[in-house]
Amino acid sequence: MTQKQKIGASKGAGRICLWNRAMIENGFPIGQTITIKQSGTALVIVPDKNGTRKVSGVMNHGNRLPVIDLKQTKTLDIAKLGNVGDSVNVEISKNQITISKA
């Protein structure tokens with residue numbers, strides 16, 4: 001599954017928030033530990049039992065959906081994907097989510 005999404009803002013820094021039912025079907029259920037790798041100008045998210053981040057959850061119209069909230073930090077450079085308001089491509093496949101410039 002591929003979708004376009006805009007880079008949002010959180011306290012002036014870039015933010016990408018993923019929440020989609022397709023994440024469950026592709027290995028990213030609520031509570032799954034993950035690792036985020038930067039590969040050039042793309043971010044790659046993979047399930048990892050030793051990962052330091054977890055997929056969280058949100059209620060949406062009575063349905064519980066998985067959420068991965070990515071914010072600009074010293075260790076996660078979202079600016080390489082673009083500026084706030086720019087679009088990115090999000091590709092959700094089996095055991096991998098890739099976020100790249102649109």
Side-chain angles (χ1 to χ4, degrees):
M1 180 191 133
T2 302
Q3 66 184 31
K4 282 197 183 228
Q5 187 167 332
K6 288 196 182 235
I7 299 174
S10 174
K11 299 178 184 174
R15 176 184 186 196
I16 300 171
C17 190
L18 307 174
W19 52 300
N20 190 310
R21 187 176 320 280
M23 291 167 55
I24 297 169
E25 300 158 4
N26 287 290
F28 297 92
I30 296 168
Q32 172 68 51
T33 51
I34 57 174
T35 295
I36 303 168
K37 301 174 188 172
Q38 209 135 20
S39 175
T41 57
L43 293 177
V44 178
I45 305 167
V46 295
D48 180 357
K49 64 180 179 180
N50 298 316
T52 57
R53 292 178 173 237
K54 280 189 178 182
V55 177
S56 58
V58 67
M59 288 299 287
N60 182 19
H61 302 287
N63 297 316
R64 193 141 166 84
L65 296 174
V67 175
I68 298 175
D69 195 2
L70 307 170
K71 296 176 187 170
Q72 175 75 34
T73 64
K74 290 179 183 177
T75 57
L76 184 62
D77 191 4
I78 291 178
K80 288 184 177 182
L81 297 170
N83 299 313
V84 173
D86 290 346
S87 291
V88 293
N89 292 321
V90 178
E91 183 180 339
I92 301 173
S93 57
K94 192 67 176 168
N95 295 321
Q96 183 169 307
I97 299 173
T98 304
I99 304 168
S100 58
K101 284 185 171 188

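Residues: numbered from 1 along the sequence shown. Heavy-atom basis, side chains included; hydrogens, waters and symmetry copies ignored.
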Practice task
Supply the atom-to-atom distance I99 CD1 to I7 CD1, rounded to the nearest 0.5 angstrom.
Solution key: 9.5 Å

For residues 50-66, dump all side-chain donor-acceptor pairs below 3.5 Å to protein atoms at least two apart in sequence or in another chain.
residue	atom	partner	partner atom	Å
S56	OG	V67	O	3.3

Problem - Rounded distance (nearest 0.5 Å) linking atom CD1 of I68 with atom CD1 of I34 - result: 4.0 Å

Problem - Non-hydrogen side-chain atoms of V88 and K4 separated by less than 4.5 Å - result: no

Problem - Test item: L76 and K71 side chains (from C-beta on) under 4.5 Å apart, heavy atoms - result: no

Handout entry: Reported CD1-to-CD1 distance for the pair I45 and I97, which is rounded to 0.5 angstrom
Key = 5.0 Å

Exercise for the section: Show which residues join V84 in its hydrophobic cluster (side-chain heavy-atom contacts under 4.5 Å, direct or indirect), or state none. Expected result: none

Practice task
For K37, enumerate each residue passing the side chain to side chain contact (heavy atoms under 4.5 Å, CB included) test, keeping only those at least two apart in sequence or located in another chain.
Solution key: T35, V46

Can you list, pair by pair, the side-chain donor-acceptor contacts under 3.5 Å of residues 16-28, counting residues two or more places apart and other chains?
residue	atom	partner	partner atom	Å
N20	OD1	A22	N	2.7
N20	ND2	Q3	OE1	3.3
N26	OD1	K94	N	3.3
N26	ND2	A22	O	2.8

Completion exercise
Here the side-chain hydrogen bond (donor to acceptor under 3.5 Å, both in side chains) pairs for residues 75-84, sequence neighbours left out, are Q72-D77, T73-T75

Completion exercise
Scanning both residues in full, the closest heavy-atom pair of A102 with S87 reads CB-O, 3.3 Å

Practice task
Output all residues satisfying side chain to side chain contact (heavy atoms under 4.5 Å, CB included) with S93, sequence neighbours left out; order by chain, then residue number.
Solution key: Q96

Completion exercise
Sequence neighbours excluded, the answer for side chain to side chain contact (heavy atoms under 4.5 Å, CB included) partners of K11 is none

